[in-house]
Amino acid sequence: MDDLRELYQATILDHNKSPRNFGAKPECSHRADGYNPICGDKLTVFLALGDGDRVEDVSFEGVGCAISTASASLMTEFVKGKTAAEVEKDFKSFHELVTGPPAETLDVPGLGKLAVFSGVREYPMRVKCATLCWHTLRAALEGDEQPAKTE
Ligand code: ZN
């Protein structure tokens, strides 16, 4: 378990140092701002949706702690190519992962690399850091800036 923790820690540090999909994409049709006042994390998620509400492109920019930046980085990698409905499911699984009882198994199936955030459940103050990007992504999915599409 200690080895696993070290691996998780290293992954978070790596994504904080070199965040993936980092940078504004003003050409994207959807965007939303997120703010976590408890820690001071701020980010903007940019989103391009294709047919069937599939995530064609997603990026983020902002300033925050290591957890919030790494979470946004890993999230953008994770949701690319998925549909809005799948993203909603992933959000629920991720939320479970970071808020479950600390003693439970760290394994939440289907989340891949996002499992690195399982340790966050031991630090309730950090849960909002880890979930900020997801809340922002959901807001971007809902806030369609393009002319309204038929459902
Ligand atoms: Zn934070």
Side-chain angles (χ1 to χ4, degrees), residues 1-49 55-145:
M1 187 60 80
D2 282 350
D3 286 352
L4 191 61
R5 270 170 203 276
E6 271 172 36
L7 172 73
Y8 284 179
Q9 191 68 23
T11 304
I12 290 171
L13 292 176
D14 171 48
H15 277 262
N16 176 51
K17 214 172 126 195
S18 322
R20 323 298 199 264
N21 304 305
F22 189 83
K25 295 208 169 160
E27 72 275 18
C28 280
S29 54
H30 297 56
R31 58 173 284 175
D33 297 316
Y35 177 47
N36 169 24
I38 294 171
C39 179
D41 311 314
K42 269 180 190 175
L43 53 88
T44 304
V45 169
F46 300 86
L47 184 65
L49 288 182
V55 176
E56 276 185 350
D57 201 4
V58 58
S59 75
F60 77 104
E61 65 170 4
V63 197
C65 66
I67 299 276
S68 74
T69 302
S71 184
S73 172
L74 282 152
M75 180 194 74
T76 53
E77 280 193 328
F78 193 73
V79 301
K80 211 176 268 192
K82 296 196 169 193
T83 64
E86 287 166 338
V87 169
E88 189 59 25
K89 243 174 92 188
D90 292 337
F91 166 75
K92 292 209 170 84
S93 303
F94 186 74
H95 202 263
E96 245 169 67
L97 176 82
V98 294
T99 58
E104 302 270 300
T105 167
L106 293 179
D107 188 35
V108 174
L111 284 178
K113 274 203 254 174
L114 299 182
V116 300
F117 293 102
S118 56
V120 167
R121 60 175 65 175
E122 288 167 43
Y123 308 93
M125 294 281 289
R126 290 298 189 188
V127 169
K128 288 204 155 82
C129 301
T131 55
L132 175 66
C133 57
W134 286 91
H135 289 294
T136 312
L137 175 68
R138 292 168 86 218
L141 279 168
E142 281 164 18
D144 192 346
E145 288 184 1

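Counting starts at 1 for both ligands and their atoms, following the listed order.
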Between His135 and Phe91, what is the ring plane arrangement, given parallel below 30°, perpendicular above 60°, and tilted in between?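 Rings of His135 and Phe91: perpendicular, as their planes differ by over 60°.
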
Checking Glu88 now: which residues fulfil side chain to side chain donor-acceptor pair (under 3.5 Å) with it, not counting sequence neighbours?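 Checked Glu88 against side chain to side chain donor-acceptor pair (under 3.5 Å); matches are Arg138.
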
Establish, yes or no, whether the cationic atom of Lys92 lies under 6.0 Å from the six-membered ring centre of Phe94 and within 45° of the ring axis.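 So Lys92 doesn't make the cation-pi contact.
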
When you check the gap from the basic side-chain N to the acidic O, do Arg126 and Asp41 get nearer than 4.0 Å?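 The answer is no: the pair does not qualify as a salt bridge.
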
Are the charged groups of Glu122 and Arg5 less than 4.0 angstrom apart, N to O?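 Salt bridge between Glu122 and Arg5, a charged N being under 4.0 Å from a carboxylate O: yes.
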
Would you find more than 12 non-hydrogen atoms of other residues, nucleotides or ligands less than 6.0 Å from Lys42 atom NZ?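 It does not: Lys42 NZ has 12 such atoms or fewer within range.
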
At a cut-off of 2.8 Å, what protein N/O/S atoms sit near the Zn ion (ligand 1)?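 Sorted hits: Cys39 SG, Asp41 OD1, Asp41 OD2, Cys65 SG, Cys129 SG.
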
